[in-house]
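Below: the structure, in structure tokens.
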Amino acid sequence: MTKSENKINLKSLDRNAPIGVFDSGVGGLTVVREIIRQIPNEKIIYFGDTARVPYGNKSRETVIRFSQQIMRFLNTFDVKTIVVACNTASAYALDTLERDSNIPVIGVVKPGARLAAQVTKNGRIGVIATEATIGSRIYSQYIQELNQEVTIYGKACPLFVPLVEEGLLEDPVTDEIARRYLTELIDIDIDTLILGCTHYPLIRSTLGRIMGPGVTLVNPAYETARELKSMLAGMNLLSGESPKLGENKYQFFVSDKAEKFVVFANSIIKYGILSAKTIHIETY
Ligand code: DGL
């Protein structure tokens, strides 16, 4: 149950309304991809804060203020729920957004934490993420609420985001940097690794190869889409329509560089995303 659920009037929500999804930029598209796979009849309004990315090195106050503006923007579409498809915004702003919202809000951290707590066998879980997410200790907090016997090792990997954005998904440079970041997690014998940043599922094969077959990789994007589906089903809010592509099924908004976003988006979601609109998010 999300904190906002107790003040939600489910009857006032339209099951055929879109789902609002946001991220600091392009990374949240890994979550959109999973939502499209798992609940293909849903309409999606996506906002990527491409003018102000990255969030991973910003303060809590700033990330909360940005996230509140974005929530106000998404609410102008009468969305039925909001997915905070950014680990950093989930770490810093989810509580505030849930408090402010009268529609359900879900983040990406809890679903990933839940699966990791379930799958670990030796009780040693690694989390890789931005500096902000690691510094917030949010994954440790959630996992330990579920299982106090587990030890969590966090490692900030700030170079992964620019490497992914440069398209260096399978590249010796990414390999080398990943090895340097991950060596200490290999040395302490973790058996589960949470990919705690939206960009990391895109270098999953590199990370899996370096960690080896004994380590289970947890993708919070996949888990979030699963939880979203079951939450909507539980509230009787799954779409009753099957909108076609092109009928405003997926709409994308950014705060800067719409053309660059479209190129990246098409490399992640193979649905011929033709355009994204640039908006002034500061005015919300
Ligand atoms: N989307 C961010 C996250 O998942 C990564 C990029 C950023 O630092 O804004 O933490």
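Counting starts at 1 for both ligands and their atoms, in listed order.
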Revision key, fill the gap. If you scan protein heavy atoms around atom 8 (O) of ligand 1, the nearest is Gly56 N, 2.9 Å
Study note, to complete from the structure: among protein heavy atoms, the one nearest atom 10 (O) of ligand 1 is Thr88 OG1, 2.6 Å
Parallel, tilted or perpendicular: rings of [Y] and [X] (30°, 60°):
{"X": "Tyr46", "Y": "Phe252", "result": "tilted"}
{"X": "Phe73", "Y": "Tyr284", "result": "perpendicular"}
{"X": "His199", "Y": "Phe264", "result": "tilted"}

**Study point:** Side chain, backbone, both or neither: Cys197 near ligand 1, heavy atoms under 4.0 Å
**Key:**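 The answer is both.
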Point to revise | Residue part near ligand 1, for Thr130, under 4.0 Å between non-hydrogen atoms | key: side chain
Should you measure from each heavy atom of [X], which atoms of ligand 1 turn up under 4.0 Å away?
{"X": "Asp23", "value": "1 (N)"}
{"X": "Val53", "value": "9 (O)"}
{"X": "Ser24", "value": "1 (N), 2 (C), 6 (C), 7 (C), 9 (O)"}

Point to revise | Lys NZ or Arg CZ of Arg114 over Tyr142 ring: under 6.0 Å, within 45° | key: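 Relative to the ring axis of Tyr142, which defines the angle, Arg114 lies outside at least one limit.
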**Study point:** Over all atoms of both residues, closest heavy-atom pair of Gly112 and Glu223
**Key:**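 Closest approach of Gly112 to Glu223: N-CB, 4.2 Å.
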Review point. Non-hydrogen atoms of Pro54 versus ligand 1: any pair closer than 4.0 Å?
Key: yes
Review point. Should Thr198 be counted as touching ligand 1, given the test is an N or O pair under 3.5 Å?
Key: yes
Exercise for review: Applying side-chain hydrogen bond (donor to acceptor under 3.5 Å, both in side chains) between Tyr55 and each of Thr88, Asp49, Thr130, report the one that passes.
Suggested key: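 Going through Thr88, Asp49, Thr130 one by one, the side-chain hydrogen bond (donor to acceptor under 3.5 Å, both in side chains) with Tyr55 is satisfied by Asp49 alone.
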Point to revise | Any residue meeting side-chain hydrogen bond (donor to acceptor under 3.5 Å, both in side chains) with Arg179, in chain and number order, not counting sequence neighbours | key: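 So Arg179 forms a side-chain hydrogen bond (donor to acceptor under 3.5 Å, both in side chains) with Asp175.
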